Every structure is written in structure tokens, then in C-alpha cells.
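What follows is a set of notes on a single structure, which appears directly below.
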Amino acid sequence: MKNALLHICCAVCAAGSIQRLREDGYEVTGFFYNPNIHPEEEYKKRLEAAKGAAKSMGFELIEGHYDKDGWALSVKGLEKEPEGGRRCEVCFKIRLSAAAGLARDKGFGYFATTLSISPYKNTKVINEIGDSLGHGSFLAYDFKKNDGFKRTMDFAKGHNLYRQHYCGCVFSENKNIRSS
Ligand code: SF4
């Protein structure tokens, strides 16, 4: 069995991504690392939902550090960027760097991210960042393909998973930028 650490942005996106990885023979451990999420109450809601998905799907979930101040500092000056712009690239990189580091430290052979299951995010950019950090260990999936997005939404509805209405950061909250 191949071990993969999966960066999880939210419970809804986790479901279909984990189904796909399991079908491809990976044993998956989840990593909830999202210092971008604002406000903290929303962070807690998404974390609890991810814990619920971990329980119902039977995978271990590791919670990363909620370094919201560090995240805000990293995107300083990019507040007015449009959806999919440079702020999002920095945001992807922060989360994927943490996943790459943890995968290395804990001896996972591979790491991946749920981010590509969203039709609202640029999979090419996500996977280029992952490849640049992974040195061969990044699994460059496009999880939305082959009905991946539909399957994840079906699972989320069937299990009544919490579904947020904006991507995560304060800027997306104000502009209603969707995540999934
Ligand atoms: S819109 Fe989403 S991906 Fe872009 S910076 Fe905000 S939380 Fe990150």
C-alpha cells in the first residue's frame, strides 16, 4: 500500500479526493492546514466537518497550525487581487509547502491536495506549485475529472457535510468567491 498525505481544504472537497486516491491504491492520511480561513468561527466549523468526514470515511486527520497572522502577512499587498490571481498562488503555496514538509518529516511517500476538485480553482497552477515542492512525491491529480466533483457533492449531501459559501479568506468572504 502506498502512503499519501492529503492536504484537506474542507470536508466536502476531501470526500471525492479520498475516494479517488483509495481507488488508485493509496492509504490516505488527511492534513487540515488552512490558515487562510476567516473568521476563526468559520475555521472551527470547517475543521469539525473535516473531523466528521474522517470519522465516517475512516481516515486519520492531522490538524496543522492555524497561523492566521502569518498567512495575512504573506499576502500583504495582494488584498485587491482578483480570484485566481497572485494572492491565491501564494495561498496555495503556503498550504502545499506545509503539506510537503509534513510528508517529508513523517515519511509519507506522497502528498496531494484536495484543492483541484474545485471547478473554481486553477488546477494547472496548483499542480505546478505542488510539483515544484514535491521533487517527485507530489500527486498531480485533477480530482474534479471523471465525475470527481459530482461524486464529492453527492457524498457531501448524503452525509450532510457542512458546505461553506466562500473560498476561505476575508477577501473571498467579502466578494463571495466560491471554493466548491
Ligand atoms: S480566494 Fe481562496 S485561494 Fe484565494 S487567497 Fe483567498 S482563501 Fe486563498
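Start at 1 and go down the list; that is how both ligands and their atoms are numbered. Being a predicted model, the structure only gives us computed values, none of them experimental.
Inclusion of Cys167 in the first shell of atom 6 (Fe) of ligand 1 is not supported: no N, O or S atom falls under 2.8 Å. Among the atoms of Cys91, an N, O or S atom is found under 2.8 Å from atom 8 (Fe) of ligand 1.
Annotation: side chain of Val12 is not in contact with side chain of Thr114 (no heavy-atom distance under 4.5 Å).
In summary, the atoms of ligand 1 found under 4.0 Å from a heavy atom of Ser172, numbered by their order in the structure, are 1 (S). Counting the atoms of ligand 1 from 1 in the order shown, those under 4.0 Å from a heavy atom of Asn36 are 7 (S). Listed by number with element, the atoms of ligand 1 under 4.0 Å from a non-hydrogen atom of Phe92 are 3 (S).
Here the closest heavy-atom approach between residue Glu89 and residue Ile129 is recorded as O-CD1, 3.6 Å.
Here the two rings, on Phe138 and Phe111, have centers that are under 6.0 Å apart.
At a heavy-atom cutoff of 4.0 Å, ligand 1 is contacted by no atom of Phe171, backbone or side chain. Contacts between Cys88 and ligand 1 below 4.0 angstrom, taking non-hydrogen atoms only, involve backbone and side chain alike.
In this structure, Arg87 has a heavy atom closer than 4.0 Å to ligand 1. Distances shorter than 4.0 angstrom do not occur between any heavy atom of Tyr166 and any atom of ligand 1.
Residue pairs that meet the ring-ring contact (aromatic ring centres under 6.0 Å, His included) test with at least one member in residues 63-93, sequence neighbours left out, are Tyr43-Tyr66.
Neither side chain, Lys121 nor Ser116, offers a donor N or O lying under 3.5 Å from an acceptor on the other. There is no side-chain donor-acceptor pair under 3.5 Å between Asn127 and Tyr141.
Classification of Glu41 and Lys44 as a salt-bridged pair fails, no side-chain N sitting under 4.0 Å from a carboxylate O.
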